[in-house]
Amino acid sequence: QVQLVESGGGLVQAGGSLRLSCVASGRIISINSMGWYRQAPGKQRELVALITSGGAINYKDSVKGRFTISGDNAKNTVYLQMNSLKPEDTAVYYCNAGASRDHTGRYYPYWGQGTQVTVSS
């Protein structure tokens with residue numbers, strides 16, 4: 001079993017900042033990527049930022065220059081620093097990890113429970 005635990009969400013005014021953290025634990029052989037997704041009411045879940053174990057990073061266009069993803073491979077942890085927040089960033093943010101629990105080379109997606117981020121105007 002793999003567990004992802006997020007923290008750091010909350011309520012902030014537009015222009016403010018928040019930092020999300022996510023720790024993966026359990027029977028993990030390796031993780032090939034970790035990332036953040038978000039889902040606003042009535043909308044589909046979307047990728048916000050992703051970082052691979054090799055350090056490659058991908059961002060949703062609308063957060064480029066405002067959000068920064070970083071990771072600590074040794075601690076199975078990923079962070080999302082969110083600056084210049086806008087009301088349209090309001091959503092539940094979910095942590096995701098691609099993890100392998102054996103030595104077959106297969107990776108499966110795991111999800112955290114989500115953390116609410118609310119940006120007031």
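What you are looking at is a predicted structure, and each value in this text was computed from that prediction instead of being measured. Just so you know, these numbers use all the heavy atoms, side chains as well, and skip hydrogens, waters and symmetry mates.
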Enter the distance from [X]:[atom1] to [Y]:[atom2] here, rounded to the nearest 0.5 Å.
| X | Y | atom1 | atom2 | answer |
| --- | --- | --- | --- | --- |
| Thr68 | Ile57 | OG1 | CD1 | 8.0 Å |
| Ser84 | Lys86 | OG | NZ | 8.0 Å |
| Lys60 | Leu50 | NZ | CG | 14.0 Å |
| Gln113 | Gln3 | CD | CD | 11.0 Å |
| Tyr79 | Asp72 | OH | CG | 5.5 Å |

Using side-chain heavy atoms (C-beta onward) and a distance below 4.5 Å, is [X] in contact with [Y]?
| X | Y | result |
| --- | --- | --- |
| Val78 | Cys95 | yes |
| Leu80 | Arg38 | no |
| Met82 | Asp89 | no |

What closest approach, in Å, do [X] and [Y] show between heavy atoms, and which atom pair accounts for it?
| X | Y | answer |
| --- | --- | --- |
| Pro87 | Ser121 | CG-CB, 3.8 Å |
| Ala97 | Ile31 | CB-CG2, 4.5 Å |
| Arg27 | Val2 | O-CG2, 4.0 Å |
| Ala91 | Gln39 | CB-O, 3.5 Å |
| Tyr94 | Gly114 | CD2-CA, 3.6 Å |
| Pro109 | Asn96 | CB-ND2, 3.9 Å |

Point to revise | Greater than 12 external heavy atoms within 6.0 Å of Lys43's NZ | key: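 Counting other residues, nucleotides and ligands, NZ of Lys43 stays at 12 neighbours or fewer.
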Check your understanding: Can a donor-acceptor pair be found between the side chains of Asn32 and Ser53 at a distance below 3.5 Å?
Key ->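 No, no side-chain donor-acceptor pair sits under 3.5 Å.
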Practice item. Would you kindly say whether Tyr107 and Ser30 are connected by a side-chain donor-acceptor distance under 3.5 Å? Key: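 There is such a pair (donor and acceptor under 3.5 Å, judged by atom type) between the side chains of Tyr107 and Ser30.
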Is there a chain of hydrophobic side chains (I, L, V, M, F, W, Y, each step under 4.5 Å between heavy atoms) that links [X] to [Y]?
| X | Y | answer |
| --- | --- | --- |
| Val119 | Leu18 | yes |
| Trp111 | Met34 | no |
| Val23 | Tyr93 | no |
| Phe67 | Leu47 | no |
| Trp36 | Val117 | yes |

Point to revise | N/O donor-acceptor pair under 3.5 Å between Tyr108 side chain and Arg101 backbone | key: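 Not confirmed, Tyr108 side chain does not pair with Arg101 backbone.
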Check your understanding: Is it true that a side-chain atom of Thr118 and a backbone atom of Thr90 form a donor plus acceptor pair closer than 3.5 Å?
Key ->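 Between the backbone of Thr90 and the side chain of Thr118 there is no qualifying donor-acceptor contact (under 3.5 Å).
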**Study point:** Verdict with supporting geometry, Leu20 and Glu6, side chain to side chain contact (heavy atoms under 4.5 Å, CB included)
**Key:** CA-CA 7 Å; Leu20 305 183; Glu6 303 120 331; over 6 Å; no
**Study point:** Listed partners of Asp102 passing salt bridge (charged side-chain N to carboxylate O under 4.0 Å, His left out), at least two apart
**Key:**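 Scan of Asp102 (salt bridge (charged side-chain N to carboxylate O under 4.0 Å, His left out), adjacent residues dropped) gives none.
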